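Numbers restart at 1 for each chain; the letters A, B, ... are given by sequence-line order, proteins then strands. Because the structure is a prediction, the values reported are computed rather than measured.
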Protein chains: 2
Amino acid sequence: MSEHKIRNMEEFAALSGLSRPTVSKYFNDPGSVRPTTRKRIEDALERYDFRPNIYAMNQNRSLTKNVGIVVPYLADPFFAEIARIIELRCIEAGFSPILYSAHGEQKLEKEILEGLTALKPAGVFLAPLGRLSDRGAIERFCRDVPTVLFDSNIEDMGEAFVGSDNFSFVQQTVEYLCRTGAPPCFFEMRTPANPNANKRRKAYLQIMDAAGLEPHVIKVDGEGWGFEEIGRRGAHEVIATGRLPTDTVLCSNDRLAIGFLSACYERGLRVGRGDGCAIRVASHDDHPFSRFTCPSLTTAAHEYEAVADKCMNTLFSLIEAGGRFAAREETLIPARLILRASA
Amino acid sequence: MSEHKIRNMEEFAALSGLSRPTVSKYFNDPGSVRPTTRKRIEDALERYDFRPNIYAMNQNRSLTKNVGIVVPYLADPFFAEIARIIELRCIEAGFSPILYSAHGEQKLEKEILEGLTALKPAGVFLAPLGRLSDRGAIERFCRDVPTVLFDSNIEDMGEAFVGSDNFSFVQQTVEYLCRTGAPPCFFEMRTPANPNANKRRKAYLQIMDAAGLEPHVIKVDGEGWGFEEIGRRGAHEVIATGRLPTDTVLCSNDRLAIGFLSACYERGLRVGRGDGCAIRVASHDDHPFSRFTCPSLTTAAHEYEAVADKCMNTLFSLIEAGGRFAAREETLIPARLILRASA
DNA sequence: ATCCTTAATTAACGCGCGTAAAGTTTTTTG
DNA sequence: CAAAAAACTTTACGCGCGTTAATTAAGGAT
């Protein structure tokens, strides 16, 4: 590598013994130049370590190689995990992923989307806040940028949605719990931010109804993203006041369940399906740490990889289709039941 | 808001009844124009929703308002949490944070740094991979970009380091454990990726030595970022083979401890300091979920907010100083002992 | 060797904005 | 109220690259 710092493509082209338009062509598609010229450029690249100015490159482009990934709260390991896989897929596909977290705030989600529009991304994966989202802002954004919604569906927004089949999640857990013991009550937050929570409750009610069983929905109070603490407090209160109608609890999601298990432990309630267990707890999501709860958590797992792959493939088709689909695509991926020790 | 889409600053300036250079000045510093002019621009902004082209803006700037935040593995809730706070601070300060995860891979860390250089950021917060980092790549990067290292220190890299005082962490846990029961053994990974792990082991050895106690370091095998599983497996093996020299275990970090607790639960070993408890477990980091383990985890907490604030302030001074400090700054923030149920 | 196709070169314009210089207007100050 | 200072306008150039049109060179097939 030479010590001399290269200013621009002109200079680099000269050093590779080529013209700037040819080098420019190479950077936009290395396969578009003759193999021998390509080699010359790549040899020069080894020696001089030149990178085209990103800002100048993108200035006249209508769209870039950037791909936005927007999640509602990145410190939630579920989103961290799904974002991680999507990000890796983007890199493999030659895109530059840019990761954003709305930090649970409407204002930030809006600002992210506005800023992202200005970046002219080739496409965006958006997991919206849900109830807290500014629908107008999202609608405007989706008009300007090819968007694939994931995790939380918002009707008619974006060109496609990739998410989980909440009915399948609840069906599998409820069916399993009913088959192996008492039918479950359903434990959730009173005002969930996420539409999936509502779909899960509805699925629970419908499935219990179809089985001729009486449903019990237990709603606990709490705001924000501290789900574990909300679950823990709620569990303490529900158990202390004897409001638990059965010995089997199905939590809306794993983070609530982690809090629930924590409360059970604190109260000396043994959780699990074996002898001497006072209560069974199951849940949904297969949160990255649900393997390590005490006891380990029986849950319905997202197919993380499948969701990420489907997201990528959908965005690919979308980009190839010029950013618009004739009809909005919806993909719901079913759950995989994971039996562990808690139920 | 008008329907007409504005192409560029010239057009927007005309609509606000001002000249382009004035409007340009406004966007670079809204306070640099007369209040009346500022109002005219902001009124026009309300009506026409214009945003300057980012790429054109940054093309001729030597540095931008971007701030990079690079962490080794974002799906680790510890990094998600610290990144979350730093990101919010950046936004408050008027910067545009860009978040990157190296996903535990040297190659990705290198590529991130190379790409980040091309973005001409005002500054970068870098928590390096540690042992796996490409020192040359980081050194090159720090030459080009004002960098504040955090979490993992690498000698002489970057203009400053903000991290935790590992000695203080271990001192507080060891002191507490010795005061209230048997002196701890130290449980860690055999080949930790992170230099903090090494510092913690050394601190443990030194503190035990100073107290005239015999140290016991237990090293468990395992690669990658699945620390909980490594801790769980290791704990099972250590306990099964009777290699635990005392009933008190100090884990190098909370994620290992979460795995350790999981193994204890699976073996029916009661953890805690009360009667009927077979073992005490403590740890370091105050991982976001350590409150919810069973039992809840006694740990030495990072001052997340303090670390984030110190990072921000350091980067501010660094930017004001033109990107270079006369001498490298090192800030070590002491731990806060958090007594919970596990020890 | 000739023709034909493909690829590279040369020359030139445009993108949207930063920025500097020179001139004009507005505001502040004594 | 005049002078000085500050803010704004006009004009113009430059940044680094995308891109196009016209031209020339290179490589392959007949």
Between C/dC17 atom C1' and B/Ile6 atom CD1, what is the distance in whole Å? 16 Å
Which ones in residues 114-123 of chain B lie close to DNA chain C, meaning a heavy atom under 4.0 Å from one of its atoms? none
What contact category does A/Asn60 fall into here, base, sugar-phosphate, or nothing, at under 4.0 angstrom with non-hydrogen atoms? base
Over all strands shown, is B/Phe50 touching base, sugar-phosphate only, or nothing at heavy-atom distances under 4.0 angstrom? sugar-phosphate
Pair A/Lys25 + A/Asp29: basic N to acidic O under 4.0 Å: no
Under the side chain to side chain contact (heavy atoms under 4.5 Å, CB included) rule, collect the residues that match up with B/Glu10, sequence neighbours excluded. B/Asn8, B/Arg20
May I have the distance from A/Glu10 (atom CD) to C/dA11 (atom C1'), rounded to whole angstrom? 11 Å
Quickly work out the A/Ile41 CD1 to C/dA7 P distance and round it to whole Å. 14 Å
For B/Phe12 and C/dC17, give me the distance from atom CZ to atom P, rounded to whole Å. 11 Å
Once salt bridge (Lys or Arg N to Asp or Glu O under 4.0 Å) is applied, what residue pairs with a partner in residues 150-159 of chain B remain, sequence neighbours excluded? B/Glu159-B/Arg324
To the nearest Å, how far apart are B/Phe27 CZ and C/dT19 P? 15 Å
Taking side chain to side chain contact (heavy atoms under 4.5 Å, CB included) as the test, write out the residues that go with A/Ala93, two or more places apart. A/Phe95, A/Met312, A/Phe316
Sequence neighbours excluded - salt bridge (Lys or Arg N to Asp or Glu O under 4.0 Å) pairs with any residue from residues 64-78 of chain A: A/Asp76-A/Arg255
Using ring-ring contact (aromatic ring centres under 6.0 Å, His included) as the criterion, list what pairs up with A/Tyr73, not counting sequence neighbours. A/Trp225
What are the 5'-most and 3'-most nucleotides of DNA chain D lying under 4.0 Å from any heavy atom of chain B? D/dA7 to D/dG16
To the nearest angstrom, how far is A/Tyr26 atom OH from C/dA7 atom P? 17 Å
Using the side chain to side chain contact (heavy atoms under 4.5 Å, CB included) criterion, which residues pair with B/Pro30? Sequence neighbours excluded. B/Tyr26, B/Arg38
Between atom OH in A/Tyr55 and atom C1' in C/dG18, what is the gap in whole Å? 15 Å
For the pair B/Phe150 and B/Phe125, name the ring-plane relationship: parallel under 30°, tilted 30 to 60°, perpendicular over 60°. perpendicular
I'd like a list of close polar pairs between nucleotides 21-29 of chain C and the protein, N/O only, cut-off under 3.5 Å.
none

Pairs flagged by salt bridge (Lys or Arg N to Asp or Glu O under 4.0 Å) wherever residues 78-92 of chain B is involved - sequence neighbours left out: B/Glu81-B/Arg84, B/Arg89-B/Glu305, B/Arg89-B/Asp309
Validation: residues 106-120 of chain B side-chain donor-acceptor distances under 3.5 Å, sequence neighbours left out:
residue	atom	partner	partner atom	Å
B/Gln106	NE2	B/Leu132	O	2.8
B/Glu109	OE1	B/Ser133	OG	2.7
B/Glu109	OE2	B/Leu129	N	2.8
B/Thr117	OG1	B/Leu113	O	2.7
B/Lys120	NZ	B/Asn58	O	3.3
B/Lys120	NZ	B/Gln59	O	3.3
B/Lys120	NZ	B/Arg61	O	3.1

At under 4.0 Å between heavy atoms, what does A/Asn58 touch on the DNA or RNA strands: base, sugar-phosphate, or nothing? nothing
A/Gln59 CD to C/dC13 P, straight-line distance once rounded to whole Å: 18 Å
Not counting sequence neighbours, which residues clear ring-ring contact (aromatic ring centres under 6.0 Å, His included) with B/Phe12? List them please. B/Phe50
